[in-house]
Amino acid sequence: MKLSLLPRYWYVIAESRELTQNAVLARQVLDEWLACYRGSDGKAVVAQDRCIHRCGKLSSGSAKDGTLTCRYHGWVYGDGGRVISIPSEGGAAAVAKRNLNAKTYTVAEHDGYVYVCLAPDAQSPALPFILPRPAGDRWRSFRLQNYFHNNLTNCIENYIDVPHTAYVHHGVFRKPAQQQIRTTVSRQAGHVRVTYHGETGNLGSFAFLLNPGGREIEHEDNFYAPNITSVHYRLPNGYSYYITSQSVPVSEMETRVFTDISYDFGVFTPFAKWIARRQAQKVIDQDIDILNEQGSVIKKYGQKFSVTRADVIHTLTEEIISTLAEGAEISSLKDCSREVVFQV
Ligand code: FES
Ligand SMILES: [Fe+2]
C-alpha cells in the first residue's frame, strides 16, 4: 500500500490532555516525523520534527510557556511554528523582521483529540470525522491507546472480524463452533456495515450477568474509510456498549490505535469502569499479540491471503483502502449487499 496517497484525511495524534502547555510530543503519521506542542495562544502546533536551522530533532527540545526550544543551538519556535529567537544572533531582535518558520501541518482539536492533516491546506477536509458514539447521562466512557506492528488494513479488519474471537479471545467471547451466525454485509462508497442476526452467546464469562436468558443480541459493526471502525452491541435487557477505534497509519507496518469505549450497563454503570477497562485492555492485548505475529509473517513472506466466503468483510474493506491508496475515487466502487453465514 502506498501510504503517501492517504494524506488528505485527518488522523488523531494525541488526546488533548496529553498535550499540556509545557509538553512536546513526538509522533509519526504516514511515515512523517512530527513534533507537537502548544503555542502561547494554546493552539496545538504540529511541525515536521526537524529544526530548520541544522536538522535538530524538535521533539527532543523543551517546551515552555507556548514556545519550543531546539536542544542543539537553542532556536526558539512560537505560535504556528514561527522562529521567534536565535540566541547566537542576539535573540528575538534578530528574527523580528525575518519570516522563518518550521514546516507545519493543519491541526484540528475536537472531542478531546488533536488531529493532523498532512495534505496541503487546500486539500484538507473541513473537519475530522465525527465519531459515531453515544452521548447522554446514561453513558460512561473511557479511552485507550495501543500500538500494533502491522498495517492499517489488518488492524481495521481485526476490529470487525468475528471468526477470530473464538480463538484469540477464547473464553472471553466465545468458544469455537458454538454458533452459526447470519449476517448482512453491505458497502456504500467508503462505508461497510455488518449487521448480525440471531447472535446469542458471545459474552463469555459475563454472560450470566449481561444476558442471563441467552436471548438475541443486537450487534452491528461499521467501517468508515479510511481508518475508523465501530462495534455496537445492544443486549436484550437494554444494556449497551459501543467501541470506536481510530487506526492511525504510523508507517507501512506500524499502526497506533485510539479506542473509545462507551457503555450503559443500567444500575451497574457507575461501578463498571474499572472492570470494563481491564477487560477491554485484556482483549486488545490479545489482538496486539496476534497482529504483531501476523505482521512479522507478512514482513518475511509478503501479504498473501486465501479468501473464503466468510472473509467477505475483509474483501470489501480492502477494496476501499487499496482504491484510496492508488489515488482513485471510492465512488468507482460498486455498492453491494450480501447475506453471509459464519460458523463460529
Ligand atoms: S539545529 Fe536546531 S537550533 Fe540548530
Ligand atoms: Fe480481537
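We count ligands from 1, going down the list as the structure has it; atoms in each ligand are counted the same way.
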R193: side-chain contact (heavy atoms from CB on, under 4.5 Å) partners, not counting sequence neighbours: S186, H191, T195, E220, N222

H219/H197 under ring-ring contact (aromatic ring centres under 6.0 Å, His included): CA gap, chis, key distance, verdict: CA-CA 8 Å; H219 173 192; H197 313 286; over 10 Å; no

Residue and atom names of protein N/O/S atoms that fall under 2.8 Å from the Fe ion (ligand 2): H164 NE2, H169 NE2, D287 OD1, D287 OD2

Polar protein atoms near atom 2 (Fe) of ligand 1 [N, O or S; cut-off under 2.8 Å]: C51 SG, C70 SG

Euclidean distance, L19 CG relative to I13 CD1, rounded to 0.5 Å: 7.5 Å

Pairs involving residues 61-85, ordered by first then second residue, that meet ring-ring contact (aromatic ring centres under 6.0 Å, His included) (sequence neighbours left out): H53-H73, H53-W75

Test item: V185 and S337 side chains (from C-beta on) under 4.5 Å apart, heavy atoms: no

Salt-bridge present (K299, E252; N to O < 4.0 Å): no

NZ or CZ of R143 within 45° of Y113 ring axis and under 6.0 Å: yes

Over 12 foreign heavy atoms within 6.0 Å of CD, E18: yes

Any I320 side-chain heavy atom under 4.5 Å of L333 side chain: yes

